[in-house]
Amino acid sequence: MKLTEITDFHAPELDVYARLTEAQLLNRFEPKKGMFIAESPKVIMRALDAGCEPVSLLVERNHINEEAEEAIRRCGDVPVFTAPLEVLTQLTGFQLTRGMLCAMRRPKPLTLAEAVEGANRVAVLENVMNPTNVGAIFRSAAALGMDAVLLTEGSTNPLYRRSCRVSMGTVFQVKWAFVGEAWQEELKTLGFRTAAMALRDDSYSIDAPELAAEEKLAVVLGTEGDGLANSTIASCDYTVKIPMYHGVDSLNVAAASAVAFWELRKK
């Protein structure tokens with residue numbers, strides 16, 4: 001391993017870790033130059049498994065263990081910057097999870113049709129903005145049988161650093177795509193029925209046999225607080241609720257997603 005000790009906080013090679021915002025990393029004007037940050041050896045290796053291209057690594061020297069060495073080896077000849085914990089914390093503004101960050105090129109985005117090809121169960125996130133929730137939903141989607149995740153433009157990008165980290169790298173294991181306003185029509189054209197998660201008196205219970213019997217089903221979850229737009233609910237084939245007890249009126253969207261994915265998975 002060839003490690004480069006950090007001596008200059010202002011070195012341009014470190015901008016991606018210390019000074020570029022998530023919006024700058026996304027680089028909407030030149031998407032081919034867009035990057036994201038993968039944090040921890042597990043997330044980095046799952047990104048590599050998905051074909052993501054590494055640009056450089058930032059590693060805490062005391063965290064170079066067997067797992068980290070494997071991640072570094074798999075990144076090939078990219079620059080590897082290192083420093084003690086206190087220096088890296090000063091540089092990045094936070095303590096690194098398992099002492100490692102990797103700057104990577106953003107993969108080519110998928111279309112809706114590409115993301116759901118061969119899928120039977122799909123999650124749709126309408127304007128889910130919290131990166132922690134998005135990451136947690138992806139982890140549940142991967143673990144509990146969702147084949148793809150679709151996001152409306154108001155949702156947080158799954159490749160934001162916190163989303164990647166919370167997902168434990170499952171954002172690289174489940175196909176996903178951002179979708180336009182006509183996503184419901186596109187899904188129906190592809191044979192999907194849609195189930196809006198909403199607490200309505202006329203909703204189906206989540207364990208209703210009609211839902212389990214659907215060959216292709218898209219589970220639609222709404223933004224934190226307000227839930228789904230009324231127009232979205234009205235245009236879905238089903239309205240579905242998770243029964244609540246003890247006067248609790250709703251679950252956090254990430255918790256609700258786990259319950260819904262487990263119950264509505266393709267059995």
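Positions are given from 1 along the sequence.
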Margin query: When you measure from the side chain of T223 to the backbone of N127, do you find a donor-acceptor pair of N or O atoms at a distance under 3.5 Å?
Written below: yes
Notebook entry, point to check: What residue among V55, I37, L48 forms side-chain contact (heavy atoms from CB on, under 4.5 Å) with M104?
Noted result: L48
Check: What is the minimum heavy-atom distance between M100 and A71, and which atoms define it?
Finding: SD-CB, 3.9 Å
Note to self: Any non-hydrogen side-chain atom of F261 less than 4.5 Å from a side-chain atom of L221?
What the structure shows: yes
Next item on the list: For residues S257 and F138, determine if any side-chain heavy atom of one lies less than 4.5 Å from a side-chain heavy atom of the other.
Entry: no
Check: Do E22 and N157 meet the criterion of a side-chain donor-acceptor pair at a distance under 3.5 Å?
Finding: no
Checklist line | Which atom of T21 lies closest to which atom of Q24, heavy atoms considered | finding: N-OE1, 2.8 Å
Next item on the list: Give a yes or no answer on whether the side chain of S140 reaches the backbone of I137 with a donor-acceptor pair at less than 3.5 Å.
Entry: no
Check: So among E214, E215, E210, which one has a side chain to side chain donor-acceptor pair (under 3.5 Å) with R193?
Finding: E214
Margin query: Taking R74 first and then D49, would you say they form a salt bridge - that is, a charged N and a carboxylate O separated by under 4.0 Å?
Written below: yes
Check: Say you draw a straight line from CG of L101 to CD1 of I44; how long is it, rounded to the nearest 0.5 Å?
Finding: 7.0 Å
Notebook entry, point to check: So how far is it from K241 NZ to S250 OG, rounded to the nearest 0.5 Å?
Noted result: 13.5 Å
Notebook entry, point to check: How about R162 and T132: does a side-chain donor come under 3.5 Å of a side-chain acceptor?
Noted result: yes
Next item on the list: Enter the distance from T194:OG1 to E185:CD here, rounded to the nearest 0.5 Å.
Entry: 9.5 Å
Check: Less than 4.0 Å between a side-chain N and a carboxylate O, is that true for R73 and E70?
Finding: yes
Margin query: Tell me if a side-chain donor or acceptor on E126 pairs with a main-chain N or O of A229 at a distance below 3.5 Å.
Written below: yes
Checklist line | Contact summary for L110 and A115, nearest pair of heavy atoms | finding: CD1-CA, 4.1 Å
Note to self: Nearest 0.5 angstrom please: I242 CD1 to L199 CG, how far?
What the structure shows: 8.0 Å
Checklist line | Distance (rounded to the nearest 0.5 Å) between T170 OG1 and K42 NZ | finding: 11.0 Å
